[in-house]
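Read through the structure below, which is laid out as structure tokens, and then see the notes.
Residue indices begin at 1 and follow the sequence shown. When a ligand or atom number is given, it counts from 1 through the structure's own listing order.
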Amino acid sequence: MENKRPSWTSKYAFIITTIGSAVGLGNIWRFPYVMGQNGGAVFLAVYILIISTICFIPLLNELYIGNSTKKECIGAYESINPKLGFLGALNPLTGVLIASFYVVVGGWIINYIFRSILSYKITDYGEYFISFIQQPFYSCFLTILFLFICIFFTARGVKKGIEAANKFLMPLLAVLLIFLVINSLRLPNADIGLEFMFKPDFSKLNSHLLLSALGQAFFTLSVGMGALLTYGSYIKEDKNLVKSVYTIILSDTAFALLAGVMIFPAVFSFNMEPNSGAGLVFVTLPKIFSQIPYGHLISFAFFILLFSAAVTSAISIIECPCATLIEQLKISRVKACIILFFIISLIAIPATLSFGNLENIKIFGKTIFDTLDFLTSNIMLPMNTLILCLISGWYLKIKGYNLLNNKISGLFFDVGLKYIVPIALAGLIFMGLR
Ligand code: TRP
């Protein structure tokens with residue numbers, strides 16, 4: 001079994017797939033709207049501070065554990081201590097739950113790609129969005145279609161599926177993003193949008209903003225559910241993991257910033273609200289697209305961009321439980337993918353319907369979709385990261401110096417791993433539960 005494990009064809013393949021995992025709905029959908037709701041530039045300043053200082057610690061830690069054990073989550077935790085397997089199992093479980101709501105949004109994106117091609121005139125975009133996500137059969141069909149596309153790549157294997165998809169979709173994403181940014185900057189009053197993003201008003205700083213930035217940073221880097229651990233386990237040998245980690249963080253931040261520069265100038269140019277929340281991308285932007293020349297083309301490019309980002313991230317989310325099924329149950333990749341297809345569908349369909357027919361089913365006051373999002377983003381992801389940091393820092397006593405080859409950053413890593421990151425994560429979980 002051991003030597004049959006797949007591995008990346010090159011270091012480039014590892015880096016591009018990991019960036020593919022990181023750059024997703026978190027960057028292009030969530031980041032702009034969370035920034036919009038938290039006052040723009042102040043949020044960005046705090047976010048950059050966090051992502052450039054403490055975030056490399058859990059990221060490096062997760063990749064390192066994967067790379068040094070060369071196992072999927074349960075196996076990796078068990079090789080640290082046989083009693084820890086159940087904690088490892090929380091990771092693929094989190095993956096299944098995240099995948100189940102991620103594919104719902106993936107389905108919406110497919111609808112907007114169709115819309116851009118068919119170019120129907122819509123009078124009220126807000127109303128359209130709400131009535132579209134309520135249609136039971138159509139929205140479930142789209143959810144399953146999106147899931148199927150992701151599972152298809154996963155089933156083809158690490159090299160032929162996951163790598164191939166990322167090597168095609170990520171450059172496409174970069175080109176489309178640059179095209180759309182240039183387009184947006186040429187709109188009248190684009191500078192007001194840039195000011196909103198880059199001129200901070202520090203009087204808006206508060207603890208909620210701080211924790212939102214922290215949660216966003218961890219989510220966007222894909223830490224906390226074993227996706228990185230699994231990707232790290234496919235690296236043949238550890239060449240320079242630290243350098244890769246910085247490349248991943250820099251690229252992810254660049255994509256998020258560019259997404260902001262693509263969206264906010266357009267929003268301000270058309271006198272719209274930057275704080276409309278989750279609807280920013282599905283309501284505000286389509287409204288703008290309908291008012292600019294070649295809007296359909298731009299809209300098509302934008303939703304293909306969003307689709308590429310979402311697929312490469314969803315693949316990484318699915319790969320973690322997939323690797324666990326393959327290696328724990330000793331079954332083939334295709335079988336594991338079929339099993340996952342059914343399990344994820346079973347949760348994703350009620351999640352899709354929770355915007356329509358099942359909207360009255362509430363768990364602690366939240367719909368099924370919101371419960372999945374809340375439970376994973378606010379509780380399970382920070383908890384998994386917290387557990388892994390504590391294991392590495394206090395049980396394995398990993399030394400930053402050995403990883404970073406530098407006394408000062410090594411010491412910062414040690415203190416971060418043992419104290420700063422766990423305290424920050426405990427704060428996040430606490431805020432989530434309040
Ligand atoms: N980082 C991705 C995004 O920004 C989402 C994602 C992929 C993720 N894999 C993950 C989030 C693992 C948390 C854990 O959209």
Write none if no such pair exists; otherwise list each N/O atom of ligand 1 with its protein N/O partner under 3.5 Å and the distance.
unit_1: ligand 1; atom_1: 1 (N); unit_2: Ser21; atom_2: O; d: 3.3
unit_1: ligand 1; atom_1: 1 (N); unit_2: Ala22; atom_2: O; d: 3.1
unit_1: ligand 1; atom_1: 1 (N); unit_2: Phe219; atom_2: O; d: 3.0
unit_1: ligand 1; atom_1: 1 (N); unit_2: Thr220; atom_2: O; d: 3.1
unit_1: ligand 1; atom_1: 1 (N); unit_2: Ser222; atom_2: OG; d: 3.0
unit_1: ligand 1; atom_1: 4 (O); unit_2: Ala22; atom_2: O; d: 2.9
unit_1: ligand 1; atom_1: 4 (O); unit_2: Gly26; atom_2: N; d: 3.3
unit_1: ligand 1; atom_1: 4 (O); unit_2: Asn27; atom_2: OD1; d: 3.4
unit_1: ligand 1; atom_1: 9 (N); unit_2: Ser222; atom_2: OG; d: 3.3
unit_1: ligand 1; atom_1: 9 (N); unit_2: Ser316; atom_2: OG; d: 3.3
unit_1: ligand 1; atom_1: 15 (O); unit_2: Leu25; atom_2: N; d: 3.0
unit_1: ligand 1; atom_1: 15 (O); unit_2: Gly26; atom_2: N; d: 2.7
unit_1: ligand 1; atom_1: 15 (O); unit_2: Tyr102; atom_2: OH; d: 2.6

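Tyr246 has its ring centre less than 6.0 Å from the ring centre of Phe56. For Trp108 and Phe355, the ring centers sit closer than 6.0 Å to each other. Separation of the Phe268 and Phe196 ring centroids falls under the 6.0 Å cut-off.
Screening residues 307-320 for salt bridge (charged side-chain N to carboxylate O under 4.0 Å, His left out) gives Glu319-Arg333 as the qualifying pairs, with residues at least two apart or on separate chains.
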Donor-acceptor contacts, no H, no angles, side chain residues 252-264, under 3.5 Å, sequence neighbours left out:
unit_1: Asp252; atom_1: OD1; unit_2: Asn27; atom_2: ND2; d: 3.0
unit_1: Asp252; atom_1: OD1; unit_2: Thr220; atom_2: OG1; d: 3.2
unit_1: Asp252; atom_1: OD2; unit_2: Thr220; atom_2: OG1; d: 3.0
unit_1: Thr253; atom_1: OG1; unit_2: Ile249; atom_2: O; d: 2.7

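Remark: Tyr12 pairs with no residue by the side-chain hydrogen bond (donor to acceptor under 3.5 Å, both in side chains) rule, at least two apart or across chains.
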